Amino acid sequence: MFQARVRKWSGYVLQPIAKAIASVGISANTLTITGLVFGIGAGVCIALGYLKLAGVLILIGGSFDMIDGAVARASNKNTPFGALLDSVVDRYSEGIIFIGLAIYCSKSSMIDGLALTCLGLISSFLVSYVRARAEGLQIECKVGLMQRPERVILLSIAVLFRDFSIVNVSILILVLWVMVIFSHITVIQRVFFALKQLPI
């Protein structure tokens, strides 16, 4: 319910922006690729230890990911290839960010952070895979607590506030725990959602 309301209100905000972008001839695919560039930049910055810059780049890249679909609809070019490109780019972008975080944790001797980063990478890919597999079986499967927008926000918080802690536990570690737990819960939610609609 909460996610549906957020998407509804964000749609009101994004629609006029998308129309303005479409009116100057910028394509949705261009925005998708631009978002990937920012994702790659964020991953590299994390690996090199420039966490605050990486957090900003994650948010900027995520904003391109939010707007590209709206631009495609506004320009009447919401094509199957565009949807495929968007999905592939999202996986590359998120994967590179997680790899950058894994390198950073390894260099910083954060074994717990490295383990959580690996689990986060697995769960984020599984969340998307279960949806894609379900949709291949003609089931619209968008349920779940931890979808890509939530992961983008949490990843940016994790790196922006790396130097802060709660009860002597790094914000980075706490956020990774939250993301990993709720991402795996989302995988289970989607599997059970599909289970209710498929013959056993």
Side-chain angles (χ1 to χ4, degrees), residues 1-15 17-19 21-22 26-40 43 58-59 61-99 117-156 178-200:
M1 180 67 72
F2 175 74
Q3 289 173 321
R5 288 181 179 178
V6 170
R7 286 188 175 84
K8 181 179 179 180
W9 286 106
S10 64
Y12 292 139
V13 175
L14 292 176
Q15 190 173 11
I17 298 173
K19 287 182 178 179
I21 293 173
I26 299 175
S27 71
N29 291 344
T30 298
L31 296 176
T32 300
I33 297 300
T34 304
L36 173 62
V37 172
F38 278 100
I40 293 171
I58 290 171
L59 290 175
S63 67
F64 278 100
D65 182 48
M66 288 180 63
I67 199 71
D68 57 4
V71 170
R73 291 187 291 273
S75 58
N76 293 317
K77 294 180 180 178
N78 196 9
T79 65
F81 174 76
L84 174 64
L85 179 65
D86 183 51
S87 295
V88 171
V89 164
D90 284 352
R91 303 293 79 73
Y92 267 117
S93 180
E94 202 165 2
I96 290 168
I97 290 170
F98 273 113
I99 290 171
T117 299
C118 293
L119 289 171
L121 176 61
I122 292 169
S123 62
S124 69
F125 274 51
L126 276 173
V127 167
S128 301
Y129 175 77
V130 174
R131 175 181 170 181
R133 189 71 183 92
E135 290 180 350
L137 298 171
Q138 309 304 313
I139 298 171
E140 187 175 18
C141 191
K142 296 180 179 180
V143 301
L145 296 169
M146 189 61 63
Q147 301 182 46
R148 177 163 165 75
E150 290 81 5
R151 293 196 303 273
V152 167
I153 292 170
L154 286 177
L155 282 169
S156 65
V178 170
M179 186 169 58
V180 166
I181 290 170
F182 284 98
S183 291
H184 283 286
I185 288 174
T186 299
V187 172
I188 295 170
Q189 284 180 297
R190 291 186 170 185
V191 169
F192 275 92
F193 178 82
L195 175 64
K196 292 178 182 179
Q197 302 181 59
L198 291 170
I200 299 178

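Everything numeric in this text was worked out from a predicted model, so none of it was measured.
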Worked check of side chain to side chain contact (heavy atoms under 4.5 Å, CB included) between L155 and F98: CA-CA 9 Å; L155 282 169; F98 273 113; 4.1 Å; yes
From CA spacing to verdict: side chain to side chain contact (heavy atoms under 4.5 Å, CB included), R148, S93: CA-CA 11 Å; R148 177 163 165 75; S93 180; 4.2 Å; yes
Working for side chain to side chain contact (heavy atoms under 4.5 Å, CB included), residues V71 and I26: CA-CA 8 Å; V71 170; I26 299 175; 6.0 Å; no
Using 0.5 Å steps for rounding, measure from the [atom1] atom of [X] to the [atom2] atom of [Y].
{"X": "L59", "Y": "M66", "atom1": "CG", "atom2": "CE", "value": "11.0 Å"}
{"X": "Q189", "Y": "F182", "atom1": "CD", "atom2": "CZ", "value": "9.5 Å"}
{"X": "S124", "Y": "E150", "atom1": "OG", "atom2": "CD", "value": "13.0 Å"}
{"X": "Q147", "Y": "S183", "atom1": "CD", "atom2": "OG", "value": "10.5 Å"}
{"X": "I58", "Y": "E94", "atom1": "CD1", "atom2": "CD", "value": "10.0 Å"}
{"X": "D65", "Y": "D90", "atom1": "CG", "atom2": "CG", "value": "4.0 Å"}

Residues, nucleotides or ligands: over 12 heavy atoms within 6.0 Å of R91 CZ: yes
Locate the shortest heavy-atom distance separating [X] from [Y]; write the atom from each residue and the value.
{"X": "S75", "Y": "A22", "result": "CB-CB, 3.9 Å"}
{"X": "C141", "Y": "R131", "result": "O-CG, 3.1 Å"}
{"X": "D68", "Y": "A28", "result": "O-CB, 3.2 Å"}
{"X": "V89", "Y": "T32", "result": "CG1-O, 3.5 Å"}
{"X": "N78", "Y": "R73", "result": "ND2-CG, 3.7 Å"}

Do the non-hydrogen side-chain atoms of [X] and [Y] ever get within less than 4.5 Å of each other?
{"X": "F81", "Y": "N29", "answer": "yes"}
{"X": "I21", "Y": "I17", "answer": "yes"}
{"X": "V180", "Y": "I122", "answer": "no"}

Side chain to side chain contact (heavy atoms under 4.5 Å, CB included) assessment of T30 paired with T34: CA-CA 6 Å; T30 298; T34 304; 4.2 Å; yes
Test applied, side-chain contact (heavy atoms from CB on, under 4.5 Å); reference residue, M146; option that passes from I185, V187, L154: L154
G120 backbone acceptor or donor facing S123 side chain under 3.5 Å: yes
